[in-house]
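To find a chain, count down the sequence lines: A is the first, B the second, and so on, and within it residues start at 1.
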Amino acid sequence: MRESDCVVVMGSNMAENHPVAFRWPMAAKVEHGAKLIHVDPRFTRTSAVADIYAPVRAGSDIAFLGGLVNYVINSERWNRDPFFRSWVVNYTNAATLISDQYQDAEDRDGVFSGLMEYKAGVPEWPYNGFTQQYENASWQYAGTRVGDQGRTAATAQSGETPGTKSGMGTPGAPQPSGPPYDALVRSLLKPPAARDETLQNPRCVFQVVKRHFSRYTPEMVERASGCPRDTFLKVAETILANSGADRTTSFAYAVAWTQHTNGVQIIGCCALLQLLLGNFGRPGAGIMALRGHASIQGSTDVPTLYHSIHGYMAHPTALKKHDTLEDYLAAETVPTGYWGNMPKFVVSYLKSMYGDTATVENGFGYDWHPKIFGDHSHLPMFVAMNEGKVRGMFCIGQNPATSLNAKLERAAMRKLEWLVVKDNWVHETANFWKTAPEIQSGEVSPADIKTEVFFFPAAQVAETEGTFTNTQRMMQTHYKAAEAPGDCRTDVWFTYQLGKRLKKLYADSQAPRDQGFRNLTFDFEHEDPKERQIGEPSAVKLLKEMNGYQTADPSRHLAGFGELKDDGSTTCASWIYSGVFPAPDRNLAASKQPDPPGQPGAHLNWGFAWPANRRLLYNRASADPSGKPWSERKKWVWWDGSKWTGYDVPDFAGTKAPSAQPKPGGIGLDALSGTDAFIMKGDGVGWLYVPTGLVDGPLPTQYEPAESPIRNPLYKQQSSPVFKYWKQDGNPLASVADPNFPYVITTYRLTEHYLSGAMSRWLPALTELMPELFIEISPELAQEKGIANLDRVRISTPRGQIRAKALVTRRIRPLQIDGRTLHQVGMPWHWGYEGVVKGEIVNELTALVGDPNVTIHEGKAFVCNVEKG
Amino acid sequence: MAEPMGFYTDTTVCIGCKACEVACKEWNQLPATAGGANTMSGDSYDNTRRLDGIHWRHVKFIEQFPESRQDGRWLLMSDVCKHCVQAACLEVCPTGAIIRTEFDTVVIQSNTCNGCRDCIAACPFGVIDMNPVSGTAQKCTLCYDRLQNGLEPACSKACPTDSIQFGTISELRARAQKRVDQLHQTGENRAYLYGADEKMLGGLNSFYLLVDRPEVYGLPPEPKMPSRNLVPGSVYTVLGAIMVGLAGLFSFRDRTSSLGTGPGPEVRP
Amino acid sequence: MIDAPSSTWFTTNPHWQWYIVLYFFIGGLAGGCYFLAALIDHLGRVEDRPLARLGYYVAFPAVLLSGLLLTLDLSRPLRFWHMLIERNTFEPMFKAWSPMSIGSWALLAFGLFSFISFMGALAEEDRLRWPAFRRLQWPAFRTTRPPAVTGLIVAVLGGLAGLFVAGYTGVLLAVTNRPIWSDTPLLGMLFIVSAASTSTALLMLLAQRYGWRALPGVAALQRMDGLVLALELLVLAAVVVSLGSALRGWLNAWGALLLFGVIIPGLIVPLVLSWRQRRFTEASIATMAALVLIGGFLLRVVVIFSSETI
Ligand SMILES: Nc1nc2c(c(=O)[nH]1)N[C@H]1C(S)=C(S)[C@@H](COP(=O)(O)OP(=O)(O)OC[C@H]3O[C@@H](n4cnc5c(=O)[nH]c(N)nc54)[C@H](O)[C@@H]3O)O[C@H]1N2
Ligand SMILES: Nc1nc2c(c(=O)[nH]1)N[C@H]1C(S)=C(S)[C@@H](COP(=O)(O)OP(=O)(O)OC[C@H]3O[C@@H](n4cnc5c(=O)[nH]c(N)nc54)[C@H](O)[C@@H]3O)O[C@H]1N2
Ligand code: SF4
Ligand code: SF4
Ligand code: SF4
Ligand code: SF4
Ligand code: SF4
Ligand SMILES: [Mo]
């Protein structure tokens with residue numbers, strides 16, 4: 001971001017929530033006068049240092065971004081400057097033709113072709129939250145089929161009902177089997193989709209996109225988002241002016257884009273815009289997904305996610321044809337592009353899981369691997385819990401009693417038989433049975449709660465050795481600064497000890513389902529006798545397991561995932577991290593040498609960024625199709641006549657010439673040409689249009705949040721037709737434009753606190769800075785409601801009601817939406833009923849609705865009422 | 001004496017994160033208002049309100065929004081002791097508790113201060129106040145302990161955006177002037193330096209880049225030395241004394257006579 | 001803040017409150033009474049000597065009390081000596097440019113003089129009953145009273161020290177950056193004059209309690225009080241003028257108290273009284289003196305708190 005000429009912070013309050021990362025946009029500002037734009041419903045501390053602040057209505061981001069797309073495509077500059085044309089034609093799927101079955105939201109007033117009632121899922125797990133889903137065959141590239149272009153979503157997709165196989169191949173036909181699995185992968189090859197390099201064909205992606213966004217005019221943006229037309233145009237002009245061959249614009253977002261029932265589409269819309277502007281794979285370009293917790297990136301890489309296994313490979317599921325390893329590989333491997341190597345990743349992963357017991361004969365133990373059978377993410381799990389389907393829960397580093405749909409989640413926890421809380425504090429969740437509001441009000445008596453709660457004191461991060469992986473995919477070692485007091489133990493200690501004990505428990509079970517545990521290799525004994533004695537596992541050994549080694553000789557670490565084999569000769573838990581620990585004496589995560597100041601560089605010797613220590617993904621795109629840098633100012637990686645070179649590790653086949661053509665019948669990278677910069681994509685290009693992988697449409701479309709005070713100004717379709725909703729008592733939704741809940745409310749963070757507050761509300765130095773829960777309202781609304789600054793106010797939604805102090809400020813402004821005044825209010829959500837300072841729980845107000853792709857709740861835009869008292 | 005050290009604070013890049021405030025607290029082990037159970041002030045995001053004996057750094061939040069919200073501004077500024085070259089506090093301190101260090105900074109020795117609070121009244125910027133725990137007057141030490149060990153002050157170290165910059169005064173002044181010029185070029189003509197030159201109390205070793213009048217930031221437009229009143233004040237007082245003396249002479253004039261001798265008549269109180 | 005009348009409005013109040021108010025008042029009386037006593041010693045008639053002794057009798061306890069009040073006002077009272085001796089080097093601590101520093105020394109010196117004179121007065125009246133005193137000090141102490149030369153010197157020096165103690169407090173307030181206090185250079189003058197008026201009033205009051213109306217000195221005191229009160233009125237006017245825009249600090253309850261608690265009852269009324277009747281009635285003396293004392297006290301209340309509350 002330090003290289004950016006324009007930084008757009010939208011969907012995040014970067015200065016307040018990522019202050020340290022924010023030093024780079026500020027550096028760009030001070031060092032070369034980069035423009036900073038903040039698009040946010042509230043004027044925040046980010047807006048305070050921004051060159052342009054654009055107010056918007058919470059939940060209107062796609063209208064705004066769509067407006068930008070429309071502005072760009074129709075702008076004189078974009079159509080004149082050869083850079084954009086060349087970039088889009090060569091590096092995106094703009095030229096690709098789409099199936100003529102496809103009908104756009106444009107033609108069907110807000111819904112795409114293929115909408116149908118939800119069929120996927122198994123009766124044992126009725127918690128996926130869908131009522132409708134899309135049959136997405138019609139979305140495919142012309143002449144291709146679902147799955148050809150890439151993996152499909154886990155819980156809703158045509159052809160994902162149990163038994164039938166996604167992708168190609170007919171049941172019964174003998175599956176080419178391996179290892180090596182090349183034959184199998186080759187059998188998946190399809191003829192590439194047709195293209196029209198002139199971008200004239202009405203069915204080519206570019207034309208479809210152009211039509212799709214044609215109604216997103218500046219006037220429409222103002223109507224839908226409330227952002228004044230001229231402010232919007234100023235933003236649009238600034239972004240366009242700072243994109244091109246020698247200028248780049250970057251975006252930064254966080255949960256104000258994700259916490260929506262169409263969050264993934266918002267991000268997709270930004271990606272679409274940045275692809276049109278050539279802002280990918282280049283210095284100062286891109287989209288920064290500002291991650292939340294320290295190492296939350298790491299926890300998705302080596303996942304705590306239910307639906308994937310290490311390195312973003314689909315988790316084996318009962319909802320697809322994943323019966324055998326071959327089935328799984330056939331269903332999940334994209335034959336072209338780098339994912340064509342997936343069999344090597346999977347087999348090496350299984351070797352790390354089951355060690356010697358994983359053999360060719362038993363499909364490397366694939367059968368032992370657990371399968372998912374639905375959406376097992378946070379919300380559905382708590383719904384299931386609330387219906388008595390879950391007996392126990394380990395709550396390690398979470399505080400669900402306050403952090404999501406609190407009332408309902410506490411009700412769910414009351415149905416547990418046992419609850420293990422491992423935390424630094426005896427927080428709201430640990431005491432949900434004792435001090436929760438419903439207990440204090442006498443509504444529920446602790447005597448009636450049968451849940452047995454076990455509390456394990458946790459070691460703090462400074463008392464732990466290990467690594468962080470930050471937003472930039474960079475892994476850095478951190479060392480123990482102090483010994484944990486008393487019984488406090490690290491989380492990895494807990495997991496390790498639990499695993500070992502479970503293995504013992506199953507040691508001589510013959511039940512097939514227990515073989516996984518029996519054969520699991522789980523030996524990470526610490527080198528240091530002192531640590532070993534308390535049972536702490538070795539972080540070094542864990543890192544080595546992730547990096548991978550030669551199965552025959554574990555002392556020979558792998559230098560990178562290029563060395564992975566699909567025959568079991570290599571062991572590697574997480575292919576993307578392969579190379580971080582290339583030799584027993586070389587831990588790159590621990591390397592800390594910055595580049596000398598002043599000269600351009602990627603600081604390759606500071607930490608390790610997966611994959612292969614690349615700092616910019618798809619950086620082949622920083623050079624033009626012929627391999628020359630687009631400009632001196634923005635050079636990064638280029639072709640020197642014999643190989644790819646530059647400041648960064650090239651994200652491309654090292655010696656593949658720009659002019660290289662795909663090998664006929666080639667798989668993996670061989671199937672891609674010398675200009676196919678997006679090597680993880682089956683077709684080697686960035687996707688403006690997304691034929692597969694998303695369950696709610698191939699193109700971003702402005703939908704209203706699940707609760708909105710207005711009708712969708714763009715389409716008849718009010719909200720996403722497929723967003724997730726769970727019918728539970730305590731989870732009613734307000735109807736559209738419900739007069740009882742006339743205001744838009746959004747929830748967010750403060751620099752002074754951290755999330756549920758468990759990490760801040762116990763610390764006086766922080767609590768004195770922001771002692772009390774408050775609601776930010778405009779003087780205009782305050783006057784309407786007779787509310788004075790610091791008055792107590794009552795905030796209510798169909799789900800609940802809480803009290804907070806009023807902070808009346810002009811940083812909040814009424815918006816003109818569709819010609820009428822609309823008020824927005826905002827609340828930080830850091831308070832709870834434990835700690836040095838207490839306050840009511842904002843998540844009593846939120847609704848249990850989710851994004852159809854990733855099931856994150858809609859905490860950022862819903863409706864409420866505000867009254868004095 | 002080593003080269004004068006101090007702060008240049010560029011308020012235009014401050015994001016009001018208060019990391020400086022907290023870092024100072026943590027490093028100097030200062031207590032929190034009401035043990036942390038503070039109450040909300042209702043004045044923007046500022047709940048610690050001012051510099052005092054337990055807040056040696058304080059971040060100010062100034063909301064400037066017209067009703068139309070046109071070009072509204074939220075000015076953020078991290079305030080601290082100015083380490084004046086001519087330090088009022090040091091000047092008046094009767095116990096010599098306040099000293100000037102080898103870094104040309106101003107430090108209160110807690111073991112010497114007896115809590116007369118003269119320095120509080122003297123500081124033109126309202127920086128000092130009592131620390132209820134130590135019972136002495138306290139303020140920013142410019143991390144004297146860290147400086148002595150070659151470390152950067154805790155607050156500037158913590159500042160993510162380099163709004164607070166630590167260094168030698170000469171170097172900081174040059175850097176600050178460059179920034180002002182840059183801002184003027186990009187159209188921010190309101191930018192200027194507060195306390196960077198000798199004109200203000202011989203120079204503030206913690207000076208600021210501001211974009212509005214000092215008053216707006218709660219800074220005195222023309223801070224002065226207390227001693228400005230010393231001579232006139234004393235002269236007038238002596239004058240007063242003389243007048244009283246004259247009044248005495250005049251009143252007793254007609255009783256002037258040989259001094260009485262002996263105990264005088266036995267009238268007893 | 002943005003429309004602050006003066007740069008002094010940006011400072012913090014030192015929490016100088018009742019201890020200090022009392023100290024300013026009592027310290028003023030101590031200095032003033034000693035000064036008057038010394039004056040009488042030099043100019044007075046022999047009949048007036050009891051009056052002079054009275055002054056000394058007041059001064060010493062008052063200065064003791066002053067020291068006590070000052071010490072109590074410190075947040076670390078046990079460190080009072082840091083004012084005189086540098087804590088780390090144990091060298092004498094003296095800052096000629098810091099009123100509080102000189103003030104501490106002055107108080108010490110004045111304490112010494114007033115002690116000597118106090119004992120002298122006792123000795124003169126032959127009140128030093130204890131054998132110890134009888135044997136040693138008392139001849140010595142006798143010499144500390146006029147007409148003995150030492151006596152004269154003590155009285156002169158003590159008198160000056162007294163005046164200093166009575167006046168430096170105003171300078172101390174001026175040599176800060178607080179609103180009002182440092183917005184005028186005249187507080188020292190005001191305090192010294194007010195110290196004189198209150199002291200004369202006090203001596204008159206006491207003299208009258210002892211029924212010394214016959215003493216010529218009392219009449220002189222009356223005349224003096226009149227003069228000093230007039231003077232004080234003028235100085236106060238000058239202060240108001242010199243405050244300029246900082247006068248804002250008095251356009252409030254404190255201003256009202258100044259007018260209706262100090263100026264009218266404490267200055268004007270007594271003045272009128274003293275001019276109206278050359279020959280005082282018992283009552284009028286009492287009321288006049290009382291009014292002056294109350295006014296003098298309230299004056300200090302106003303000066304201190306009107307700034308403290310900004
Ligand atoms: N100090 C601090 N830092 C944190 C955290 C913390 O709790 N405290 N939490 C961490 C975590 S886990 C995360 S996920 C990140 C979250 O980082 P952010 O996403 O930046 O956090 P939020 O404050 O939830 O939301 C940011 C902004 O979104 C705005 N907003 C609300 N609705 C909308 C909308 O519909 N559109 C747009 N464009 N903006 C909207 C809000 O006004 C708010 O200013 O922060 C991380 N960093
Ligand atoms: N309304 C609304 N709700 C939201 C959001 C919103 O923006 N609006 N944001 C959502 C987001 S993005 C997030 S990430 C969630 C966060 O929600 P939670 O994760 O439930 O809340 P945290 O406070 O982050 O909980 C982290 C816990 O881990 C503990 N902890 C810290 N370090 C350690 C450690 O080393 N080991 C162990 N065992 N425990 C540790 C802390 O004490 C704390 O109790 O909240 C979500 N909820
Ligand atoms: S908390 Fe950690 S991750 Fe968040 S901004 Fe600060 S340093 Fe960065
Ligand atoms: S700012 Fe105040 S406290 Fe700091 S040195 Fe100057 S006078 Fe002393
Ligand atoms: S309070 Fe302490 S530091 Fe301040 S002047 Fe008095 S003695 Fe000096
Ligand atoms: S320099 Fe040290 S003492 Fe002064 S504010 Fe910064 S951290 Fe606090
Ligand atoms: S740390 Fe820096 S940016 Fe944050 S408030 Fe302090 S000065 Fe401002
Ligand atoms: Mo998060």
Side-chain angles (χ1 to χ4, degrees), chain B residues 52 88 91-96 111-118 120-126 128-130 135-136 215-216 218-224 226-227 229-230 232-234 236-237 239-241 243-244 247-252 255-257 259-265 267-269, chain C residues 1-2 4 7 10-12 14-16 39 43-47 49-50 54 57 74-76 79-80 82-83 86-88 93 95 97-98 100-101 104 124-125 146-147 163 167 170-171 174-178 182 185-189 192-193 196 206 210 212 216 220 223-224 227-228 231 235:
Chain B
D52 61 31
E91 184 179 68
V92 300
C93 176
T95 65
N111 69 339
T112 310
C113 168
N114 66 8
C116 75
R117 311 192 296 286
D118 202 1
I120 302 176
C123 171
F125 305 94
I128 311 182
D129 207 337
M130 300 306 290
T136 62
E215 301 90 310
V216 173
L219 294 169
E222 47 206 30
K224 298 196 205 69
S227 49
N229 286 332
L230 183 56
S234 314
Y236 283 115
T237 314
L239 220 68
M243 292 194 291
V244 169
L249 284 175
F250 175 76
S251 316
F252 284 83
R255 341 213 87 47
T256 8
S257 64
L259 290 165
T261 50
V267 280
R268 288 206 160 163
Chain C
M1 224 26 145
I2 297 172
S7 279
F10 297 85
T11 60
T12 304
H15 327 289
W16 286 338
L39 199 69
L43 306 180
R45 289 238 188 89
V46 68
E47 306 92 300
R49 288 184 73 89
L54 188 58
Y57 286 146
L74 298 176
S75 315
R76 303 290 298 266
R79 294 183 176 182
F80 71 94
H82 290 193
M83 294 273 191
E86 209 289 326
R87 184 215 169 288
N88 303 297
M93 184 64 226
K95 278 186 177 178
W97 59 91
S98 164
M100 192 176 282
S101 180
S104 320
E124 182 173 275
E125 283 190 83
L163 276 182
V171 183
V175 182
T176 64
N177 265 308
R178 287 298 294 163
S182 62
L186 296 178
L187 285 186
M189 191 183 216
I192 216 166
V193 176
L206 293 173
Y210 302 128
W212 296 348
R223 192 169 319 106
M224 178 163 176
L227 288 171
V228 184
L231 206 55
V235 176

Given heavy-atom pairs under 4.5 angstrom as the criterion, report whether the side chain, backbone, both or neither of C:Ser182 touches chain B.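 Both backbone and side chain.
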Measuring heavy-atom distances to chain B, does C:Leu74 have an atom under 4.5 Å in its side chain, in its backbone, in both, or in neither?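 Both parts, backbone and side chain.
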Side chain / backbone / both / neither for [X] at chain C, heavy atoms under 4.5 Å:
X        : result
B:Cys116 : both
B:Pro221 : both
B:Asp52  : neither

In terms of heavy-atom pairs under 4.5 Å with chain B, which of [options] leads?
options                      : value
C:Gly170, C:Gly188, C:Pro185 : C:Pro185
C:Leu39, C:Asn88, C:Leu187   : C:Asn88
C:Leu163, C:Val228, C:Leu227 : C:Leu227

Contact winner vs chain C - [options], heavy-atom pairs under 4.5 Å:
options                              : value
B:Ala122, B:Gly115, B:Pro220         : B:Pro220
B:Gly240, B:Gly126, B:Ala121         : B:Ala121
B:Gly96, B:Ala88, B:Ser227, B:Pro223 : B:Gly96

Counting N and O atoms only, with roles assigned by atom type, does the side chain of [X] sit under 3.5 Å from a partner on the main chain of [Y], one being a donor and the other an acceptor?
X       : Y        : result
C:Arg87 : B:Asn111 : yes
C:Arg76 : B:Thr136 : no
C:His82 : B:Thr112 : yes

Are [X] and [Y] side-chain neighbours, meaning at least one heavy-atom pair lies under 4.5 Å?
X        : Y        : result
C:Trp16  : B:Asp118 : yes
B:Asn229 : C:Val171 : no
C:Glu86  : B:Thr95  : no

Salt bridge or not between C:Lys95 and B:Glu91? Use side-chain N to carboxylate O under 4.0 Å. no
Consider only side-chain N and O atoms of C:Thr11 and C:Arg178, and report whether a donor and an acceptor are under 3.5 Å apart.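 The criterion, which ignores hydrogens and geometry beyond distance, is satisfied for C:Arg178 and C:Thr11.
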